[in-house]
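The structure under discussion appears below in the form of structure tokens.
Along the sequence shown, residues carry numbers from 1. From a predicted model like this one, the values you see are computed outputs, not experimental measurements.
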Amino acid sequence: MGTKNILSDFSKSVSERLKGFAGVRKFLLIANFSLLIANFSFATPKTLVLGGENGWDEISEMNGVVVGTKNGQFGYDALELSTKTLRSDSSTDLLLTFDDSKVYDAANNYSIVSNNLVPVSEAVKGNGAAMSRGNKKGLVLSGKPSALFGKEGFTGSFTIEFWLCPSLAENGETVFSWRSSLNDESHSEYQMILASFFKNRLEWTFNKIFVPYPASEIHLSGYKTLVPDKWSRHTVSFDSESGLLEYLVDGRTESLIFVTETGHEYGTVYYPILGEKAGLEICPDYVGKIDNFRISRVPAGRERADIFLSGNEKYTIGGGKIITKPLLISQAAVLDEIDTLMNVPPQTDIRFYIRSGDNCYGWNDNFPAWKEIVPGEKIDGVTGLYFQLSAELLPDGAGSQTPKISEITLKYEEQNEPLPPFALNAVAGDGSVTLNWSYSVDDNAGGYYVYYGNRPGEYLGRVAVQGTSPIKVGNVTSTTLTGLENGRIYYFAVSAYSKVDGRINGLLSKEVFARPSSRLSKK
């Protein structure tokens, strides 16, 4: 075979291969363009994270729930049930919850004379407790005339209760002290109510309080050894009907005596009589924490269960609830699911609820309706401009454990703005302009808006018979605007709106212009 023929065959082979490569490249370009259009056509997956590194600022209501600092997964601040705390009622004489930075009597019967207790967050009930360092006077209160310890005379039934978490529990440490004198015309009697430690137990002393009880002092000693750094509830109670004076630890009787003539349940009761007004001293010589100090005018066991803590539950059995603010997402957003970082101990539970809408200003407790959802499961029918999330945290049956939420992630789809038409032209007429454009290549386009005005980029037109700019013309590719002024120049652009939600309007097309003229009238 000659050299000329060999070169000719080689050239033909190369040409065919290049054509083949061109075809492949053309196919790839078309495929890539189609993929690009497909990406524009579908909604974009997005997320909104509550909690975690973002914190919990989006929560508007918390009932029975607190934000625990750095106690969630990965060291995040976690939502958890608040520990139970006391509330004041008609029988409350004194109530110190220590839940706020400032110590005060929630019953408003006592004023603070001096306070050397230090607020701490390691509470057994509520959001805070108080720490006594044992080297100062502790907390001193003065009773108003309405207070049990604010005047002389008979007291009737009473209950004194508080929670302790001692650091040492050494002999002589005093948790409660009231000292006064009972005077009459002939003599004066020293009086004292004291709660102090002896052999790692708390002992109550009542000196000359019950008149005319023959014994000058009454002692009620606990038999349960108090363990340092562990909370325990201490209650001393007097029932003026039966004469029962009783000391309880964690709700169990440690010591009791009937302050009666017979020393038994049936007999004449000796009533407590207080002498001259004197201050109450709480933790005057004690090292450790104290929480929920309360004096009541009824004996233990007769308090309302929801006011006075008759049990040792750490958390309210009914649980707690949080509600977020209405979260502004985007128009026509569709919620797919939620993911959570949470710790749910055995027998506890967390239940989630969601609702949505385009306008949140008319929302109330029941409208729109809440829908229960499960983390990780597909959610149907939740769309809108606003989402609102709620969660119920439920403890175990003993009220001893709480679930925790460290983070909540809302996964939703946001509708993309449809692409504008790629081609637009304007044809002037007599007092009119006819616009023609190509359909948007975006499958999400449901129709078109026409913008017009007399300055480039400023579409503020108002004179067209068809309406003020922009004009919603529907799913068409041509329209004629009439009523325009001959001789004036007009600028035009077209955008596509979403077929999912007509409020979602895309970008503007290229701008075109035309100048209507009477000479362009049809003859």
> With K411, which residues qualify under salt bridge (Lys or Arg N to Asp or Glu O under 4.0 Å), at least two apart?
Replying inline: D339
> Where do N292 and T97 land on the side chain to side chain donor-acceptor pair (under 3.5 Å) test, with the steps shown first?
Replying inline: CA-CA 4 Å; N292 274 229; T97 64; 5.6 Å; no
> Is there a donor-acceptor contact under 3.5 Å from the side chain of S82 to the main chain of G64?
Replying inline: yes
> Partners of K404 by salt bridge (Lys or Arg N to Asp or Glu O under 4.0 Å), sequence neighbours excluded?
Replying inline: E80
> Does the E173 side chain pair with the main chain of E170, one donor and one acceptor, at a distance under 3.5 Å?
Replying inline: yes
> Who are the side-chain contact (heavy atoms from CB on, under 4.5 Å) partners of V124, not counting sequence neighbours?
Replying inline: W163, W231, D291
>> Has T174 got a side-chain atom pairing as donor or acceptor with G172's backbone, closer than 3.5 angstrom?
In response: yes
>> K230: which residues meet the salt bridge (Lys or Arg N to Asp or Glu O under 4.0 Å) condition with it, sequence neighbours left out?
In response: none
>> Tell me whether T402 contacts the main-chain N or O of L81 through its side chain, where contact means a donor paired with an acceptor under 3.5 Å.
In response: yes
> Is there a donor-acceptor pair under 3.5 Å between the side chain of T316 and the backbone N or O of G319?
Replying inline: no
Name the atoms and distances for all side-chain donor-acceptor pairs under 3.5 Å in residues 383-391, with sequence neighbours left out.
residue, atom, partner, partner atom, Å
Q388, OE1, R355, NE, 2.9
Q388, OE1, R355, NH2, 2.9
Q388, NE2, T324, O, 2.8
S390, OG, I322, O, 3.1

>> Restricting to salt bridge (Lys or Arg N to Asp or Glu O under 4.0 Å), what partner residues turn up for K46, sequence neighbours left out?
In response: E414
>> Show the nearest heavy-atom pair for residues Y110 and A147, with the distance to one decimal.
In response: CZ-CB, 3.4 Å
> At their closest point, which heavy atom of N200 faces which heavy atom of L168, and how far apart are they?
Replying inline: ND2-O, 4.1 Å
> What pairs of residues pass the ring pair (Phe, Tyr, Trp, His ring centres under 6.0 Å) test when at least one of them lies in residues 46-81, not counting sequence neighbours?
Replying inline: none
> Do R133 and Y286 pass the side chain to side chain donor-acceptor pair (under 3.5 Å) test, and can you show the C-alpha distance, the side-chain angles, and the key distance before you say yes or no?
Replying inline: CA-CA 7 Å; R133 296 173 177 173; Y286 162 71; over 6 Å; no
> Do the ring centers of F210 and F238 come within less than 6.0 Å of each other?
Replying inline: yes
>> Could you check whether K289 pairs with E122 (Lys NZ or Arg NE/NH1/NH2 to Asp/Glu carboxylate O, under 4.0 Å)?
In response: no
> Mind checking what makes side-chain hydrogen bond (donor to acceptor under 3.5 Å, both in side chains) contact with S498, not counting sequence neighbours?
Replying inline: N444
> Is Y104 reaching over with its side chain to a backbone N or O of A107, donor-acceptor style, under 3.5 angstrom?
Replying inline: no
>> Using only atom types and a distance under 3.5 Å, with no angle test, would you say the side chain of D105 pairs donor to acceptor with the backbone of L95?
In response: yes
> Hey, is the main chain of G275 close enough, under 3.5 Å, to the side chain of Q191 for a donor-acceptor pair?
Replying inline: yes
> Got a sec, which residues hit ring-ring contact (aromatic ring centres under 6.0 Å, His included) with Y497, two or more places apart in sequence or on another chain?
Replying inline: Y449
>> Has S296 got a side-chain atom pairing as donor or acceptor with T92's backbone, closer than 3.5 angstrom?
In response: no
> What pairs of residues pass the salt bridge (Lys or Arg N to Asp or Glu O under 4.0 Å) test when at least one of them lies in residues 254-270, not counting sequence neighbours?
Replying inline: none
>> Holding to ring-ring contact (aromatic ring centres under 6.0 Å, His included), I want the full list of residues that pass it with Y213, two or more places apart in sequence or in another chain.
In response: Y270
> Sequence neighbours excluded, which residues qualify as side-chain contact (heavy atoms from CB on, under 4.5 Å) partners of L394?
Replying inline: D349, R351
> Any idea how F293 and F162 line up, ring-wise: parallel (<30°), tilted (30 to 60°), or perpendicular (>60°)?
Replying inline: parallel
